[in-house]
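In this chain, residues are counted from 1 in sequence order. Owing to the predicted nature of the structure, the values given are computational and were not obtained by experimental measurement.
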Amino acid sequence: MWDYLKLAVLGLLTLLAAIAANFARDFVYQVHAVIVMLVAGGVFLRALRHTDEPKRPVSNEYMDDVIRAGVIATAFWGVVGFLAGTFIAFQLAFPVLNFEWAQGYANFGRLRPLHTSAVIFAFGGNALLCTSFYIVQRTSAVRLWGGNAAWFVFWGYQLFIVLAATGYLLGGTQGKEYAEPEWYVDLWLTIVWVVYLAVFLGTIIKRKEPHIYVANWFLLSFIVTVAMLHVVNNLSVPVSIWGSRSVQLFAGVQDAMTQWWYGHNAVGFFLTAGFLGMMYYFVPKQAERPVYSYKLSIIHFWALIFLYIWAGPHHLHYTALPDWASTLGMVFSVVLWMPSWGGMINGLMTLSGAWDKLRTDPILRMMVISIGFYGMSTFEGPMMSIRAVNSLSHYTDWTIGHVHSGALGWNGMITFGALYFLTPRLWNRERLYSLSLVNWHFWLATIGIVLYAAAMWVTGIMEGLMWREVDPQGFLVWSFADTVAAKFPMYIVRGLGGVLYLLGAIIMCYNLWMTVRSAPERATAMAPAE
């Protein structure tokens, strides 16, 4: 019965997508309708071929095949995102790279959101999907709930990525930072995310372990909060059901407030709470030490999720937003420094008695430096939220340096460490192909981050000081063009830092590929909760 219902749904989706492609009012919508038609039609034909095949008995082993796919997707989208970011970095230094012959499809304005979405949602999102599925199974001692629902989440998320990326390149965007996809792509992501929540929560509910490990607290809070942020910030009315354009429900300062409530908490929950879940599992496992303080981890959790949700208005200092609202965001941002550093201290002190491993274990070294970057970013962020500092830093490259020191240092490094941890275990290999290559990756990535962030810090502060310099008559000393010219050397350094970081990711992909190609160990059955 279920097979026939699935065929009916897929067939209906294929038909509706074909109709949408025919009646499309703009090119972006038409391209997306064709993509959906091809995907739904392909899945329909595949399901039709396997309709009468006998069903496999449900396995009692962990559902690791979807996690393997997630590891591959994470590595692939990481390289794509880093490549796009490095290219647009050089576009800012050399405008000739905004190729005129490409009809605008390869200019900075379209590639920049492609880059941000690729590294945040494609690279980071797939990392969170696969690691959360791995962690919740191991700490609950049960297989993922929902049968093939986890596969729907994985492939549905990849479809979202493709629709978003092609939309950016074709000019289809609603112009909201970190929330550019249009209304129908947002609706699809909502469906996928609800299923993701059901799979994760269902696995926790049927767990065999009475205790819910703290990593699952952070991961569940990330899933629930991102769902709320996504729905509220993307409330809109389509201009036509046959077109990509929509009208936002909020306007003016209300729209700005809602956007940065979303934008800052996308950082707070997608890029912080979710990755803290990774930290609380993989660092103790790699160090072979228990979490330093479980009480501190609980305090860290509750303080973080209560404070972070209020910090967004500090992005709107000196705007039409009332001062009391931006001041409230500033106060919560400054207070947020304390629980953030509590989490950093907890992660670092987990290595108590195992610090000597840093000399011989580059994977653990990568995880530890990620915690260091987390601590640095969560000090710099509250400092930059203070109105007096923000008057200098806002709209300058200092903000870009801050974001990338956190994203490349914290999110990137902990993800690389997790991929190195997972690959041998998921493919039943004795060890990684080469720890020496991990060491090369570590130093290339670290030097790349330092070059990138330092260049942006220097040029950002210089930029802010040049913008506010006036002569004795009160006139501005420097034009905007003067600041752009002064930043050129630092833009070259920033691009070189990106090249090193990208090279490290390519080395990682080679290392993981060679690990998978090596001879496997014997298969292992489901183990007790870890």
Side-chain angles (χ1 to χ4, degrees), residues 81-120 168-169 171 173 175-178 180 256 260 263 315-319 380-381 383-385 387-408 447-502:
F82 305 149
L83 179 61
T86 303
F87 182 69
I88 63 174
F90 282 110
Q91 278 187 322
L92 290 176
F94 304 101
V96 70
L97 294 176
N98 291 268
F99 304 119
E100 293 184 10
W101 52 265
Q103 303 296 317
Y105 294 124
N107 65 25
F108 180 87
R110 295 191 180 185
L111 290 180
R112 191 265 177 180
L114 177 72
H115 159 64
T116 54
S117 288
V119 293
I120 296 173
Y168 302 153
L169 293 176
T173 169
K176 295 170 76 73
E177 185 77 0
Y178 310 133
E180 285 94 346
W260 284 109
H315 287 266
L316 298 170
H317 286 317
Y318 305 107
T319 67
E380 186 183 25
M383 180 185 68
M384 294 174 70
S385 75
R387 186 176 275 107
V389 179
N390 194 267
S391 67
L392 174 68
S393 70
H394 205 41
Y395 304 118
T396 73
D397 287 334
W398 185 355
T399 304
I400 310 302
H402 164 64
V403 169
H404 282 78
S405 68
L408 302 180
I447 295 170
I449 297 167
V450 170
L451 289 176
Y452 190 115
M456 292 298 96
W457 287 328
V458 170
T459 192
I461 295 172
M462 176 191 70
E463 190 176 25
L465 292 173
M466 289 178 73
W467 285 350
R468 62 168 56 179
E469 186 175 355
V470 295
D471 63 20
Q473 286 73 43
F475 294 101
L476 290 173
V477 173
W478 306 100
S479 69
F480 182 78
D482 292 329
T483 66
V484 173
K487 293 189 295 182
F488 177 75
M490 292 297 99
Y491 274 22
I492 298 298
V493 175
R494 186 253 294 268
L496 293 176
V499 169
L500 293 179
Y501 199 85
L502 172 63

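- Taking every heavy atom of both residues into account, H394 and H315 meet most closely at NE2-O, 3.3 Å.
- You'll find the side chain of L97 stays beyond 4.5 Å of the side chain of F108, heavy atoms only.
- Of the inter-residue distances, the one linking F90 atom CZ with I492 atom CD1 reads 6.0 Å to the nearest 0.5 angstrom.
- The aromatic rings of F488 and F94 sit perpendicular, their planes meeting at an angle over 60°, well past the 30° parallel limit.
- Atom CZ of R494 is separated from atom CG of L496 by 11.5 Å, given to the nearest 0.5 angstrom.
- H317 places no side-chain N or O within 3.5 Å of a backbone atom of S391 that could act as its donor or acceptor partner.
- Using a 4.5 Å cut-off on side-chain heavy atoms (C-beta onward), H402 and S393 make no contact.
- Applying the 6.0 Å contact sphere to CH2 of W467 captures more than 12 heavy atoms from other residues, nucleotides or ligands.
- No donor-acceptor pair under 3.5 Å is formed between the side chain of D482 and the backbone N or O of A485.
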Test log, rule side chain to side chain contact (heavy atoms under 4.5 Å, CB included), inputs W457 and M462: CA-CA 8 Å; W457 287 328; M462 176 191 70; over 6 Å; no
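- Considering every non-hydrogen atom in both E180 and S117, the closest pair reads OE1-OG, 4.1 Å.
- Proximity of Y318 to R387: side-chain heavy atoms (C-beta onward) are separated by under 4.5 Å at one or more points.
- Ring geometry for W260 versus Y178: interplanar angle over 60°, hence perpendicular rather than tilted (30 to 60°).
- Contact record, M384 with V389: CA-CG1, 4.0 Å, taken as the closest heavy-atom pair.
- With contacts defined as side-chain heavy-atom distances shorter than 4.5 Å, the pair K487/L92 does not qualify.
- Residues A106 and F87 come closest through the heavy atom pair O-CE2, 4.3 Å.
- Rounding to the nearest 0.5 Å places CZ of F99 at 7.0 Å from CD of Q91.
- Under the 4.5 Å side-chain criterion, counting only non-hydrogen atoms from C-beta, I461 is not in contact with D397.
- When every heavy atom of L451 is checked against every heavy atom of L500, the shortest pair comes out as CD1-CD1, 3.8 Å.
- The shortest distance between side-chain heavy atoms of V119 and H115 falls below 4.5 Å.
- Note that CH2 of W398 and CG of N390 are 9.5 Å apart. Values are rounded to the nearest 0.5 Å.
- Atom OG1 of residue T459 and atom CE of residue M466 lie 9.0 Å apart, to the nearest 0.5 angstrom.
- Atom NE2 in H404 sits 12.0 Å away from atom OG1 in T399 (nearest 0.5 Å).
- Scanning all heavy atoms of the two residues, the minimum distance from T86 to V499 falls at CG2-CG2, 3.7 Å.
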